[in-house]
S.K.: 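Here it is: the structure, laid out below.
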Amino acid sequence: ATADATDDGPQGALAADPPLEPTEELLAELAHQSERLEEATPQEILRWAVERFAPRFSMATAFGPEGMTIIHMLSEIAPETPIFNLETGYQFQETHDLRERVKERYGIEVEYKYPELTVEQYEAANGGPVYKSNPNQCCFDRKLKVLHRAARGLYAWASAIRRDQSPDRAKAPIVGWDHKFQLVKVSPLANWTKKDVWSLITKEDIPYNPLHDRGYPSVGCWPCTRAVLAGEDERAGRWSGFQKTECGLHD
Ligand code: SF4
């Protein structure tokens with residue numbers, strides 16, 4: 001894996017243009033569409049997003065079950081949509097393998113976005129693994145900064161969040177302004193349940209991370225993910241032992 005801070009991938013050519021501004025007009029449009037799409041299927045929501053924002057519409061994925069269902073839908077609706085993954089250097093081999101399976105099944109090459117420093121350089125510069133001493137800093141350096149760079153030139157992206165995942169996510173609009181990254185955030189699965197996601201995965205034989213069958217409902221980087229016990233919260237296995245439940249990617 002190479003770390004190239006200047007490589008902005010397919011969005012690189014678009015990055016020079018001015019970003020989308022959250023004007024009153026745009027925010028009113030988003031609120032209207034969000035309400036209109038409240039009863040729509042995820043596919044209808046994605047179709048609208050593609051028509052409205054492509055080629056400046058993209059998706060970041062960690063290859064979770066929700067992300068896999070969106071990749072499946074996009075393969076039918078708009079397979080040219082650029083999809084990327086934050087390759088922190090700490091992902092499970094199973095996750096890398098899943099990227100290969102996506103390529104085989106859909107012909108979609110999910111692009112890796114790398115932090116500036118390789119894991120070796122990063123750990124050497126910080127006197128050891130930062131995920132142990134300061135996971136917030138590690139997530140900031142290896143995910144958030146990379147995501148900010150990847151967002152340049154984009155007008156909108158798809159998010160795989162579901163409202164029933166946490167109280168924080170319960171009020172997520174279908175379409176809204178992402179203040180953190182300054183672009184439109186589209187959440188086609190907002191009204192879906194975990195059961196809806198897994199029903200589609202089973203019905204359509206969508207590839208998924210085999211770690212889910214081994215006690216990991218939520219898969220992140222290997223140093224910060226453990227299997228959860230029966231009865232534990234879905235995300236309890238992430239940053240176990242730290243007062244931390246999110247990477248800071250969502251508001
Ligand atoms: Fe670092 Fe852990 Fe965050 Fe991955 S999840 S970027 S290893 S702190």
Side-chain angles (χ1 to χ4, degrees), residues 1-9 58-68 70-71 83-100 102 110-152 157-162 165-166 168-169 178 180-181 185 208-229 232-251:
T2 55
D4 184 350
T6 60
D7 176 15
D8 284 315
S58 180
M59 178 193 174
T61 186
F63 301 101
E66 290 79 11
M68 292 310 305
I70 296 181
I71 291 173
I83 303 176
F84 62 92
N85 166 263
L86 304 179
E87 184 10 13
T88 61
Y90 294 112
Q91 295 194 99
F92 285 91
Q93 184 56 46
E94 285 84 347
T95 307
H96 295 296
D97 295 344
L98 185 51
R99 175 176 176 265
E100 287 305 310
V102 166
V110 176
E111 191 196 353
Y112 279 150
K113 298 278 189 188
Y114 299 100
E116 282 173 35
L117 302 180
T118 64
V119 162
E120 293 73 21
Q121 290 167 336
Y122 187 58
E123 294 192 358
N126 288 282
V130 182
Y131 58 78
K132 275 191 188 160
S133 53
N134 191 346
N136 282 330
Q137 185 65 44
C138 186
C139 276
F140 179 77
D141 292 334
R142 305 200 72 78
K143 289 184 178 173
L144 271 169
K145 270 163 89 171
V146 182
L147 196 50
H148 274 286
R149 205 171 69 222
R152 266 191 247 145
W157 57 23
S159 148
I161 61 172
R162 302 191 330 259
Q165 274 169 323
S166 71
D168 284 349
R169 296 180 180 187
D178 187 331
K180 194 173 259 177
F181 294 96
K185 180 159 156 178
Y208 64 90
N209 199 319
L211 289 170
H212 298 312
D213 292 332
R214 307 213 299 262
Y216 298 79
S218 179
V219 175
C221 298
W222 60 260
C224 301
T225 306
R226 66 161 171 82
V228 302
L229 307 170
E232 271 189 320
D233 185 84
E234 226 184 278
R235 292 179 68 85
R238 303 287 296 277
W239 301 285
S240 185
F242 286 95
Q243 293 299 317
K244 178 172 167 66
T245 54
E246 297 273 359
C247 338
L249 306 189
H250 300 288
D251 284 335

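Whatever order the structure lists ligands and atoms in, that order sets their numbers, starting from 1.
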S.K.: If you take the nearest heavy atom of each of G89, P115, A62, C139, which one is closest to atom 3 (Fe) of ligand 1?
M.R.: C139

S.K.: Quick one: look up the protein heavy atom nearest atom 1 (Fe) of ligand 1 and list residue, atom name and how far away it is.
M.R.: C138 SG, 2.3 Å

S.K.: Would R214 and E94 pass as an ion pair if we require N to O under 4.0 Å?
M.R.: yes

S.K.: Using a cut-off of strictly less than 2.8 Å, determine whether C224 has an N/O/S atom near atom 2 (Fe) of ligand 1.
M.R.: yes

S.K.: CD of E87 to CD of E111: how many Å apart, nearest 0.5 Å?
M.R.: 12.0 Å

S.K.: Using 0.5 Å steps for rounding, measure from the NE2 atom of H96 to the CD atom of Q91.
M.R.: 5.5 Å

S.K.: Aromatic rings F84 and W157: how do their planes relate, parallel, tilted or perpendicular, breaks at 30° and 60°?
M.R.: tilted

S.K.: Would you mind running through ligand 1 and noting each atom that sits below 4.0 Å from a heavy atom of C221?
M.R.: 4 (Fe), 5 (S), 7 (S)

S.K.: Check ligand 1 against K143 and write out every atom of the ligand that is under 4.0 Å from a heavy-atom position of the residue.
M.R.: 5 (S)

S.K.: Parallel under 30°, tilted from 30 to 60°, perpendicular over 60°: which one fits the rings of F92 and Y216?
M.R.: perpendicular

